[in-house]
Asker: 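Sending over a structure as structure tokens; questions will come in a sec.
In each ligand, atom 1 is the first atom listed, and ligand 1 is the first ligand listed. Worth saying up front: this structure is predicted, and the values here are computed from it rather than measured.
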Amino acid sequence: MSRLVLVLGDQLSSSLSALQAADKAQDVVVMAEAADETAYVRHHPKKIALIFAAMRKFARALEEAGWQVAYSQLDDTDNAGSIVGELLRRAEQYGAQEVLATEPGEWRLITALKYAPLKVHILQDDRFIASHKVFEDWAAGRKQLRMEYFYRDMRRETGLLMEDGQPIGGKWNFDHDNRKPAPDDIAFEGPLRFAPDETVEEVLELVEARFGNHFGAVRPFWFATTREEALQQLDHFVSKGLDKFGDYQDAMLNDNRFLYHGLVSTSLNIGLLGPLEVCEAAAQAYARGDAPINAAEGFIRQIIGWREYVRGIYFLEGEDYPSRNALGHTRALPDLYWGAETRMNCMAKAVEQTREEAYAHHIQRLMVTGNFALLAGVDPEEVHQWYLAVYADAFEWVEAPNTVGMSQFADGGIIASKPYVSSGAYINRMSDYCKSCAYSVSTKTGEKACPFNLLYWHFLNRHRERFSSNARMGNMYRTWDRMDQEHRDRVLKEGDAFLARLEAGETV
Ligand code: FAD
Ligand code: DLZ
Ligand code: SF4
């Protein structure tokens, strides 16, 4: 009797464990564009288009490789609208009773599969370097989890940038050499832009018709939607952009959205690329002398370090992780996150780019939109749902720990040892945003004062009890305490007034 083989929209890898465990001669692959999956948050239309286009092309590639594929398009009249609904429908159609599934990257879907009235075998997702067991063993008994130590184990495990058991260059981490402010000129032309073919065009029309009212522009659409395109994108970045990745990974510019970033997360996260091949490409560029160690090491650390680490935390911490709220923040997400007018140029730029590209790089996510939400005390679950909706690379296993943990400190310090908050000075140092802003970054109080300056101290003051004993934050509190009382009172009063205006929906 045939079994069903579930392939989700972010599982587009021919090495997928469910496919490996199946029998091409008799099992049926089930892939479904499911209304429920498009609706649990209001995904950016580009994200939906990316997933549907890549799913359709992957289904075709599976058929060409001899698989029988039962593919449901969103508008098919008999589409049941949910993953489990589609499995039940296909089970009846093919007389199947068992399902092979690779573990989804979201607790929501894992639970749905577990309770489905079918025998579902959930297999490990081995497209990652560290299995759940490896991560659990690593974490067991440690008082504090820190990515850096996990990363070193991953270097040893993969042998990436290692020589005779030691890190190449004599250090594990070259971050000290990275994080330079934005340069005047960017030599990298940015990512390759793939023109829509017939399949993509069909999907774009569907997405425009069904999700045109979601936040975000569906066109121009140029993401890689096949493994071949993803490999071209990777090769383009490694040969032309990687050399300066380390230097400028934290820089931000008004007129350059991609700087020296790889744009590989969309392909990695839907399975078109694997983490090891991406890292090996970077390690080879270093070996050839095409990229310095600070760039290759920095890039590889993001993937075998951060990417694996946040996944480990998501599964270790359990289902309630995305709704944690250690700081008790309750403010509603301000409308400016959905494009309402704002006078803060950094926020306007980050949101505008998010709307147009479904992409913002790490520092825009962390130190602009994330920083503002944290300083303003926005409910972290609302922040989480925003990030999950608006970025094309957002799947809960990677988005939630980055948002809830790293960016909002809502997990109480599991991912980050201190909150990522900064005043406007950091944004000014790393970008040219402040030069064209209605606020003045060097002004601390008054009408022109940069809101990040006011809210930074407001945040520290209102969370004093929790953070003043944090060794990494003592300096900040000492600086605050040295300011004269009158100034501090004024900052807090103006901070309150700013938050009241934000709450009232005024343009800030
Ligand atoms: P590059 O800057 O070129 O980096 C290379 C690769 O490293 C990325 O493709 C990505 O796979 C990996 N990487 C880098 N940083 C991280 C990280 N912190 N966690 C996991 N992988 C990382 N990344 C996602 O893939 N999906 C998300 O939903 C997501 N949400 C985020 C939310 C917040 C609040 C923050 C602060 C970060 C988030 N990140 C997320 C991490 C990071 O911003 C993106 O991975 C990166 O911007 C993707 O662009 P890129 O491919 O050009 O990356
Ligand atoms: C994000 C997403 C969207 C928008 N649509 C689909 C879909 O129609 N079918 C599907 O199989 N997967 C989709 N996904 C991805 C899932 O919602 C989910 O985030 C991942 O499978 C979790 O690993
Ligand atoms: Fe952002 Fe403040 Fe700079 Fe304006 S002055 S761009 S609000 S950091």
Asker: Could you tell me, atom by atom, which parts of ligand 1 come under 4.0 Å of a heavy atom of S265?
Answerer: 9 (O), 25 (O), 48 (C), 49 (O), 51 (O)

Asker: Could you tell me, atom by atom, which parts of ligand 2 come under 4.0 Å of a heavy atom of G9?
Answerer: 10 (C), 11 (O), 12 (N)

Asker: Numbering the atoms of ligand 1 from 1, which are under 4.0 Å from a heavy atom of V264?
Answerer: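 Every atom of ligand 1 under 4.0 Å from some heavy atom of V264: 9 (O), 51 (O).
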
Asker: Among all protein heavy atoms, pick out the one at the shortest distance from atom 23 (N) of ligand 1; state its residue, atom name and that distance to 0.1 Å.
Answerer: V398 CG2, 3.8 Å

Asker: Among all protein heavy atoms in this structure, tell me which lies nearest to atom 18 (N) of ligand 1, with the distance rounded to 0.1 Å.
Answerer: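 Residue, atom and distance for the closest contact: N402 OD1, 2.8 Å.
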
Asker: Numbering the atoms of ligand 2 from 1, which are under 4.0 Å from a heavy atom of I83?
Answerer: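 Reading through ligand 2 atom by atom, the close ones are 11 (O).
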
Asker: Does E37 approach ligand 2 within less than 4.0 angstrom via side chain, backbone, both or neither, non-hydrogen atoms only?
Answerer: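 Answer for E37: both.
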
Asker: Hey, which atoms in ligand 2 end up nearer than 4.0 Å to a heavy atom of Y40?
Answerer: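 Result: 1 (C), 16 (C), 17 (O), 18 (C), 19 (O).
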
Asker: Around atom 15 (C) of ligand 2, find the nearest protein heavy atom and jot down its residue, atom name and distance.
Answerer: F395 CE2, 4.0 Å

Asker: Would you tell me which option among H384, Q233, M147, Q302 has the nearest heavy-atom contact to atom 7 (O) of ligand 1?
Answerer: Q302

Asker: Return yes when Y359 approaches ligand 1 closer than 4.0 angstrom through a heavy atom, no otherwise.
Answerer: yes

Asker: So does C346 have any N/O/S atom less than 2.8 Å away from atom 3 (Fe) of ligand 3?
Answerer: no

Asker: Non-hydrogen atoms of F299 versus ligand 1: any pair closer than 4.0 Å?
Answerer: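 It does, in that a heavy atom of F299 comes within the 4.0 Å cut-off of ligand 1.
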
Asker: For ligand 2, note which part of L8 has a heavy atom under 4.0 Å away: side chain, backbone, both or neither.
Answerer: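 Looking at L8 and ligand 2, atoms from backbone and side chain both fall under 4.0 Å.
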
Asker: Looking only at distance, does H43 have an N or O less than 3.5 Å from an N or O of ligand 2?
Answerer: no

Asker: What's the shortest heavy-atom distance between L234 and E277, and which atoms?
Answerer: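 Distance-wise, the nearest heavy atoms are CD2-O, 4.3 Å.
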
Asker: If you count the atoms of ligand 1 from 1 in the order shown, which ones are under 4.0 Å from a heavy atom of L268?
Answerer: 11 (O)

Asker: Examine ligand 1 and decide if any of its atoms is less than 4.0 Å from a heavy atom belonging to Q249.
Answerer: no

Asker: Using a 4.0 Å cutoff against the non-hydrogen atoms of I303, which atoms of ligand 1 qualify?
Answerer: 6 (C), 7 (O), 12 (C)

Asker: Consider ligand 1: state whether an atom of it lies below 4.0 angstrom from any non-hydrogen atom of Y420.
Answerer: no

Asker: Report, in ascending order of atom number, the atoms of ligand 1 lying under 4.0 Å from any heavy atom of L366.
Answerer: 36 (C)

Asker: With the threshold set at under 4.0 angstrom, would you say L74 reaches ligand 2 through any of its heavy atoms?
Answerer: no

Asker: Nearest non-hydrogen contact with atom 16 (C) of ligand 1 belongs to which option: W397, W306, W386?
Answerer: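 Result: the heavy atom closest to atom 16 (C) of ligand 1 is in W306.
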
Asker: Which residue and atom name correspond to the protein heavy atom nearest atom 8 (O) of ligand 2, and how close is it?
Answerer: A34 N, 2.8 Å

Asker: Find all atoms of ligand 2 within a distance of less than 4.0 Å from any non-hydrogen atom belonging to G105, and give their numbers and elements.
Answerer: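 So the atoms of ligand 2 that pass are 22 (C), 23 (O).
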
Asker: Within a distance under 4.0 Å of any heavy atom of E33, pick out the atoms of ligand 2 and give their elements.
Answerer: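 Counting from 1, the qualifying ligand atoms are 8 (O).
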
Asker: Looking only at distance, does A32 have an N or O less than 3.5 Å from an N or O of ligand 2?
Answerer: yes

Asker: Take H261 and F188, measure what side chain to side chain contact (heavy atoms under 4.5 Å, CB included) needs, and give me the verdict at the end.
Answerer: CA-CA 9 Å; H261 290 277; F188 181 43; over 6 Å; no

Asker: Within ligand 1, which atoms have a heavy atom of F245 less than 4.0 Å away?
Answerer: 1 (P), 2 (O), 3 (O)

Asker: Yes or no: does P401 have any heavy atom under 4.0 Å from an atom of ligand 1?
Answerer: no

Asker: Decide whether a cation-pi geometry holds between R108 and Y40; the criteria are a distance under 6.0 Å from NZ or CZ to the six-membered ring centre and an angle within 45° of the ring axis.
Answerer: yes

Asker: I need the nearest protein heavy-atom contact for atom 29 (C) of ligand 1: residue, atom name and distance, please.
Answerer: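 Sorting protein heavy atoms by distance from atom 29 (C) of ligand 1 puts R365 NH1, 3.3 Å first.
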
Asker: What are the atoms of ligand 3, with element, lying closer than 4.0 Å to any heavy atom of C434?
Answerer: 3 (Fe), 5 (S), 6 (S), 8 (S)

Asker: Using a strict 4.0 Å cut-off to heavy atoms of R108, name the atoms of ligand 2 that fall inside it.
Answerer: 17 (O)

Asker: For residues F223 and F194, establish whether the separation of their ring centroids is below 6.0 Å.
Answerer: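 For F223 and F194, the ring centres are not under 6.0 Å apart.
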
Asker: Which atoms of ligand 1 have any heavy atom of N269 under 4.0 Å away?
Answerer: 24 (C), 25 (O), 26 (N)

Asker: Would you please indicate if the ring centroids of F128 and W397 are separated by under 6.0 Å?
Answerer: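 So the answer is yes for these two rings.
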
Asker: Should you measure from each heavy atom of E106, which atoms of ligand 2 turn up under 4.0 Å away?
Answerer: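 Answer for ligand 2: 18 (C), 19 (O).
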
Asker: Check ligand 1 against H361 and write out every atom of the ligand that is under 4.0 Å from a heavy-atom position of the residue.
Answerer: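 Under 4.0 Å from H361, ligand 1 has these atoms: 47 (O).
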
Asker: Does R257 form a salt bridge (charged side-chain N to carboxylate O under 4.0 Å, His left out) with E357? I'd like the steps, not just the answer.
Answerer: CA-CA 9 Å; R257 293 174 171 175; E357 312 285 0; 2.7 Å; yes

Asker: Just checking, R365 and Y391: is the charged tip under 6.0 Å from the six-membered ring centre and within 45° of the axis?
Answerer: yes

Asker: Please say whether L109 places an N or O atom under 3.5 Å from an N or O atom belonging to ligand 2.
Answerer: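 Checking ligand 2 against L109, no N or O pair falls under 3.5 Å apart.
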
Asker: What protein heavy atom is closest to atom 41 (C) of ligand 1, reported as residue, atom name and distance in Å?
Answerer: H362 ND1, 3.6 Å

Asker: List the closest protein heavy-atom neighbour of atom 2 (O) of ligand 1: residue, atom name, distance to the nearest 0.1 Å.
Answerer: H261 ND1, 2.7 Å

Asker: Just let me know how D393 lines up against ligand 1, side chain, backbone, both or neither, with a heavy-atom cut-off below 4.0 Å.
Answerer: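 Under 4.0 Å from ligand 1, D393 contributes backbone and side-chain atoms.
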
Asker: Identify, by atom number and element, the atoms of ligand 3 in contact range of V441, meaning under 4.0 Å from any of its heavy atoms.
Answerer: 5 (S)

Asker: To the nearest 0.1 Å, how far is atom 2 (Fe) of ligand 3 from its closest protein heavy atom, and which atom is that?
Answerer: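 Here the nearest protein heavy atom works out to C450 SG, 2.3 Å.
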
Asker: Both conditions, 6.0 Å and 45 degrees, for the charged tip of R311 above the ring of F135: are they met here?
Answerer: no

Asker: To check your reading of the model: name the closest protein heavy atom to atom 23 (O) of ligand 2, its residue, and the distance in Å.
Answerer: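 Checked against all protein heavy atoms, atom 23 (O) of ligand 2 sits closest to D10 OD2, 2.4 Å.
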
Asker: Nearest protein heavy atom to atom 3 (O) of ligand 1, by residue and atom, and its distance?
Answerer: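 Here the closest protein heavy atom is G262 N, 2.7 Å.
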
Asker: Pull out every atom of ligand 3 sitting under 4.0 Å from any heavy atom of M344, numbered as shown with elements.
Answerer: 7 (S)

Asker: Is it true that some N/O/S atom of C437, main chain or side chain, lies under 2.8 Å from atom 4 (Fe) of ligand 3?
Answerer: yes

Asker: Using a strict cut-off of 4.0 Å, indicate which atoms of ligand 2 neighbour a heavy atom of I51.
Answerer: 1 (C), 2 (C), 3 (C)

Asker: Please say whether the positively charged group of K46, taken as NZ for Lys or CZ for Arg, lies over the ring of F211, i.e. under 6.0 angstrom from the six-membered ring centre and within 45 degrees of the axis.
Answerer: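 No, a cation-pi geometry is absent between K46 and F211.
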
